[in-house]
Amino acid sequence: MTSELTVTRFAPSPTGYLHLGHVRSALEGWRAARSAGGRFLLRLEDIDRPRCRDEYAAAILDDLAWLGLSWDGSVRKQSEHFDDYRDALDRLDAMGVLYPCFCTRREIQAEIARAAGAPHVPYERPYPGTCRGLDMRQRAEKLRSGIDYALRLDLARALALTGPLDWVEEEREEPRRKPADPTSLGDVVLARKDVPTSYHLAVTVDDAIQGVTLVTRGADLATATHVHRVLQALLDLPTPRYRHHPLVTDADGRRLSKRDRALTIRSMRESGISPTEIIARAEFAVDASGSLGS
Ligand SMILES: [Zn+2]
């Protein structure tokens with residue numbers, strides 16, 4: 001279909017040990033790259049400094065090597081590239097698609113509840129846009145007061161600049177174009193007062209800098225792709241293809257999390273389970289969930 005070199009990546013956060021779900025994700029990228037004679041890259045998403053630990057970063061590299069999932073080139077650590085994200089942020093700011101939000105988490109929830117007319121609403125609702133309407137004077141005043149703020153993407157303005165967008169999704173054998181509709185995410189946070197990036201911005205910038213052509217990641221991140229596509233268009237970055245894979249679940253059908261200590265690769269290694277068996281388990285767990293399709 002295309003003669004370009006396939007470049008994939010695995011991008012865990014060093015906030016805990018790898019578990020079966022990570023192995024599934026790493027395998028997906030590793031196989032796609034290896035079967036196409038391409039490159040498999042490793043990136044550590046460690047912008048959340050207080051939650052990340054060097055010990056976990058070292059364990060991730062060690063576990064991957066032990067599993068035989070070798071990566072190409074050096075490991076990109078997001079915490080070493082804040083300048084890249086700041087540049088991107090400045091460009092977005094110059095386009096007028098950012099605004100500071102001074103709301104606390106509690107204020108956002110209260111505002112959502114008011115708008116919905118219900119006292120209990122899930123936090124997943126998008127930000128209600130409270131600070132989008134502040135005028136220059138109000139903004140300047142709040143900024144001067146030194147309170148914390150986040151920089152949010154003004155999605156309506158962004159979409160007015162980009163027009164309709166889509167991407168190539170490879171979730172089944174037949175790739176298809178999927179329209180980008182980021183409205184359910186609303187005005188996402190792209191940076192904070194003291195951190196010039198967020199997950200969304202760093203991932204989008206990194207995938208472009210690392211030359212990633214195929215993003216493989218869990219279906220839980222499929223929603224994020226809609227907004228990443230918008231950022232790519234605004235920043236004039238290439239759009240990789242995407243493959244969102246089913247999540248590994250436990251026997252009860254719940255997705256694995258870092259809290260499931262018994263399922264870390266670390267503890268499985270210690271109990272004598274072989275790399276081959278762990279890889280088989282990562283795949284079987286997905287099959288068992290029934291969501292892989294056939
Ligand atoms: Zn706000």
Side-chain angles (χ1 to χ4, degrees), residues 8-13 15 21-22 24-26 28-29 43 45 47-48 78 85 88 92 97-98 101 105 108-109 112 115-116 121-129 132 150-159 161-172 175-192 197-208 212 214-235 237-249 253-258 286 289 291-293:
T8 64
R9 47 54 161 197
F10 174 52
S13 291
T15 54
H22 294 111
R24 161 74 185 170
S25 213
E28 193 81 38
R43 177 164 85 221
E45 305 206 329
I47 51 173
D48 188 358
Q78 290 188 326
Y85 313 132
L92 294 172
V97 294
L98 299 181
C101 166
R105 193 167 277 244
I108 292 172
Q109 264 174 317
I112 289 173
V121 286
Y123 187 65
E124 288 76 36
R125 294 279 187 95
Y127 172 68
R132 201 193 303 122
L151 286 173
R152 290 185 180 274
L153 177 70
D154 186 330
L155 187 62
R157 275 192 186 209
L159 291 176
L161 291 176
T162 66
L165 301 166
D166 62 9
W167 75 82
V168 175
E169 175 67 46
E170 294 191 349
E171 72 192 277
R172 303 267 182 248
R176 62 193 172 94
R177 297 208 81 88
K178 199 168 174 171
D181 179 13
T183 45
S184 71
L185 286 173
D187 293 352
V188 293
V189 168
L190 292 188
R192 300 201 176 271
T197 188
S198 68
Y199 165 75
H200 296 300
L201 185 65
V203 163
T204 306
V205 168
D206 283 345
D207 283 339
V212 173
L214 173 64
V215 172
T216 56
R217 60 186 179 196
D220 56 331
L221 290 169
T223 323
T225 304
H226 294 270
V227 77
H228 298 178
R229 184 65 194 90
V230 174
L231 294 175
Q232 286 155 7
L234 290 170
L235 293 166
L237 302 174
T239 305
R241 289 169 290 133
Y242 286 86
R243 188 182 296 165
H244 296 96
H245 60 78
L247 300 175
V248 173
T249 53
R254 290 172 313 163
R255 59 173 290 205
L256 301 184
S257 79
K258 283 173 179 154
V286 175
S289 79
S291 53
L292 187 61

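For clarity, every value in this text was computed on a predicted model and none was experimentally measured.
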Do side-chain atoms of D187 reach the backbone of L155 as a donor and acceptor pair under 3.5 angstrom?
yes
Check the pair V189 / R152 against side chain to side chain contact (heavy atoms under 4.5 Å, CB included), numbers first and verdict last.
CA-CA 4 Å; V189 168; R152 290 185 180 274; 3.6 Å; yes
Partner of R9 by side chain to side chain contact (heavy atoms under 4.5 Å, CB included), out of L214, V212, T216:
V212
Rounded to the nearest 0.5 Å, how far does OG1 of T162 lie from CD of Q232?
11.5 Å
Distance in Å, L231 CG paired with L237 CG, rounded so as to fall on 0.5 Å steps:
8.5 Å
Considering only heavy atoms from C-beta outward, does the side chain of D220 approach that of L247 to under 4.5 Å?
yes
Ignoring hydrogens, what is the shortest heavy-atom contact between V203 and E45? Give both atom names and the distance.
CG2-OE2, 3.4 Å
Can you tell me how the ring of H228 sits relative to the ring of Y199, calling it parallel under 30°, perpendicular over 60° and tilted otherwise?
tilted
Residue pair R192 / S198, side-chain donor-acceptor N/O under 3.5 Å:
no
In terms of heavy-atom contacts, S184 and T223 come closest through OG-CG2, 3.9 Å
Looking at H226 and P179, what are the two nearest heavy atoms and their distance?
CE1-O, 3.6 Å
Give the intermediate values and the outcome of side chain to side chain contact (heavy atoms under 4.5 Å, CB included) for residues L234 and L153.
CA-CA 11 Å; L234 290 170; L153 177 70; 4.0 Å; yes
Check: E169 side chain, H244 main-chain N or O, donor-acceptor pair, under 3.5 Å
yes
Hey, does P182 have a side-chain heavy atom less than 4.5 Å from the side chain of L165?
no
Here the gap from R157 atom CZ to L92 atom CG, rounded to the nearest 0.5 Å, amounts to 13.0 Å
Within a 6.0 Å radius of atom CZ on R132, are there more than 12 heavy atoms belonging to other residues, nucleotides or ligands?
yes
How far apart are the C-alpha atoms of R43 and D207, what are their side-chain angles, what is the distance that settles it, and do they pass the side chain to side chain contact (heavy atoms under 4.5 Å, CB included) test?
CA-CA 10 Å; R43 177 164 85 221; D207 283 339; 2.9 Å; yes
Closest heavy-atom pair and its distance - P175, V168
CB-CG1, 3.8 Å
Closest approach of G218 and S25, non-hydrogen atoms and distance?
N-OG, 4.2 Å
CZ/F10 to CD/E28 distance, rounded to the nearest 0.5 angstrom?
12.0 Å
Does the side chain of Y85 reach to within under 4.5 Å of the side chain of L190, using non-hydrogen atoms?
no
Report the distance from atom NE2 of H245 to atom CZ of R217, rounding to the nearest 0.5 Å.
10.0 Å
To the nearest 0.5 Å, what is the distance between OG1 on T197 and CD on Q78?
7.0 Å
